[in-house]
Amino acid sequence: MHEQESRLLEPAIANLFGYFFVQLGCTSQMDWIEFSRVSEKLIMDDRIDPALVKSLSTDKNETHSVHWIKADLDYLPIAKESVDVMLLPHTLETVQDPYYILRQVDSMLIPEGHLVLTGFNPYACGILKNRFSKQGKAFREANLVRSQRVIEWLE
């Protein structure tokens with residue numbers, strides 16, 4: 001699954017430019033932010049795993065510096081119209097009110113800013129199987145949102 005996301009995200013993120021790149025939420029060990037050419041990169045989450053910070057900080061590329069901020073995703077400490085690129089990797093699935101997060105993101109993005117979202121299809125067979133299995137606690141608790149609903153919110 002990560003391979004499929006990487007194939008889609010890498011070219012999308014690599015073609016976005018600006019001064020500030022913010023990733024809200026760090027839901028996996030994948031370093032999505034490394035694909036960006038933006039100079040100032042920030043990962044913000046309410047839980048930051050020190051091992052993950054260390055693994056992503058051991059950098060292959062000198063220009064790839066990432067700043068980490070531990071913050072409540074419901075109260076983001078970012079100024080209005082200050083972010084060029086915002087990445088939400090499965091973030092809408094982990095917060096209580098995804099619509100509220102999107103409203104905050106909208107106010108943080110510059111007028112020509114870019115939003116990159118990833119998420120699971122709530123009606124996919126694998127997701128449904130995981131939601132009803134004993135090991136699928138994370139999927140049962142996830143706030144899975146239909147793509148059509150996200151499109152309505154973004155309009």
Side-chain angles (χ1 to χ4, degrees), residues 1-2 4-6 8-57 63-124 127 130-131 136-155:
M1 187 174 337
H2 288 296
Q4 292 172 339
E5 275 185 326
S6 290
L8 294 170
L9 281 176
E10 183 175 353
I13 292 173
N15 292 324
L16 300 176
F17 296 94
Y19 294 106
F20 296 103
F21 185 111
V22 176
Q23 175 180 323
L24 286 183
C26 193
T27 56
S28 75
Q29 300 286 331
M30 296 300 295
D31 188 6
W32 307 118
I33 210 165
E34 79 172 311
F35 303 130
S36 174
R37 298 181 204 175
V38 176
S39 57
E40 294 297 322
K41 301 171 187 173
L42 172 74
I43 297 177
M44 188 176 299
D45 201 349
D46 56 354
R47 294 177 308 260
I48 295 179
D49 179 14
L52 181 61
V53 172
K54 186 174 182 182
S55 72
L56 295 181
S57 296
T63 62
H64 177 65
S65 68
V66 176
H67 306 280
W68 292 76
I69 293 182
K70 183 175 182 179
D72 186 349
L73 295 183
D74 287 329
Y75 306 101
L76 297 172
I78 299 176
K80 292 183 183 217
E81 296 185 4
S82 61
V83 178
D84 299 285
V85 180
M86 184 77 70
L87 171 64
L88 279 71
H90 298 282
T91 306
L92 296 181
E93 297 156 359
T94 62
V95 296
Q96 291 294 324
D97 189 355
Y99 181 62
Y100 179 71
I101 288 288
L102 287 177
R103 288 193 320 252
Q104 287 189 86
V105 167
D106 181 49
S107 73
M108 288 183 263
L109 283 172
I110 64 170
E112 297 297 320
H114 298 276
L115 172 63
V116 180
L117 291 168
T118 63
F120 292 113
N121 176 0
Y123 301 116
I127 301 302
N130 283 322
R131 284 193 91 155
K137 181 181 179 199
F139 283 99
R140 282 192 300 278
E141 293 175 356
N143 191 2
L144 299 174
V145 182
R146 294 179 300 116
S147 60
Q148 190 60 37
R149 174 60 60 116
V150 173
I151 291 168
E152 289 172 10
W153 289 343
L154 293 174
E155 289 176 351

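None of these values were measured; they are calculated from a predicted model.
Between Val85 and Ile13, the closest side-chain pair of non-hydrogen atoms is not below 4.5 Å. Using a 4.5 Å cut-off on side-chain heavy atoms (C-beta onward), Leu42 and Val83 make no contact. For the pair Val22/Leu76, no side-chain contact is recorded, criterion being any heavy-atom separation below 4.5 Å from C-beta on. In this structure, Met44 and Ile78 have side chains that are in contact, with non-hydrogen atoms separated by less than 4.5 Å.
Partners of Arg149 according to the side-chain contact (heavy atoms from CB on, under 4.5 Å) rule, which considers only residues two or more places apart in sequence or in another chain, are Val145, Arg146, Glu152, Trp153. Partners of Glu81 under the side-chain contact (heavy atoms from CB on, under 4.5 Å) rule, at least two apart in sequence or in another chain, are Pro111. Residues forming a side-chain contact (heavy atoms from CB on, under 4.5 Å) with Val116 (at least two apart in sequence, or on another chain): Leu9, Leu16, Leu87.
More than 12 heavy-atom neighbours from other residues, nucleotides or ligands sit within 6.0 angstrom of CZ on Phe17.
Within the model, atoms CG of Leu115 and CE of Met86 stand 7.5 Å from one another, a figure rounded to the nearest 0.5 Å. We find the NZ-CZ distance between Lys41 and Phe21 to be 8.0 Å, quoted to the nearest 0.5 Å. Interatomic distance, CZ of Phe20 versus CE of Met108, reported as 14.0 Å (0.5 Å rounding). Considering CD of Gln23 and CG of Asp45, their distance stands at 8.5 Å, rounded to 0.5 Å. Rounded to the nearest 0.5 Å, atoms CG (Leu154) and CG (Asp106) are 8.5 Å apart. Between atom CD1 of residue Ile110 and atom NZ of residue Lys80 there is a gap of 16.0 Å, rounded to the nearest 0.5 Å.
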Report task. Apply the test side chain to side chain contact (heavy atoms under 4.5 Å, CB included) to residues Asn15 and Arg37: give CA-CA distance (whole Å), side-chain angles for both, the deciding distance (0.1 Å), then the verdict. Result -> CA-CA 8 Å; Asn15 292 324; Arg37 298 181 204 175; 4.3 Å; yes
**Report entry** CA sep, side-chain torsions, deciding dist, call: Tyr19, Glu40, side chain to side chain contact (heavy atoms under 4.5 Å, CB included)
**Finding:** CA-CA 6 Å; Tyr19 294 106; Glu40 294 297 322; 5.9 Å; no
Report task. Check the pair Leu92, Leu117 against side chain to side chain contact (heavy atoms under 4.5 Å, CB included), reporting the backbone distance first and the verdict last. Result -> CA-CA 8 Å; Leu92 296 181; Leu117 291 168; 4.0 Å; yes
Requested in this report: May I have the step-by-step check of side chain to side chain contact (heavy atoms under 4.5 Å, CB included) for Leu24 and Gln104, ending in yes or no?
Outcome: CA-CA 11 Å; Leu24 286 183; Gln104 287 189 86; over 6 Å; no
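The shortest heavy-atom contact between Pro89 and Gly25 is CG-O, 3.6 Å. Closest heavy-atom contact between Asp46 and Lys70: O-CE, 3.2 Å.
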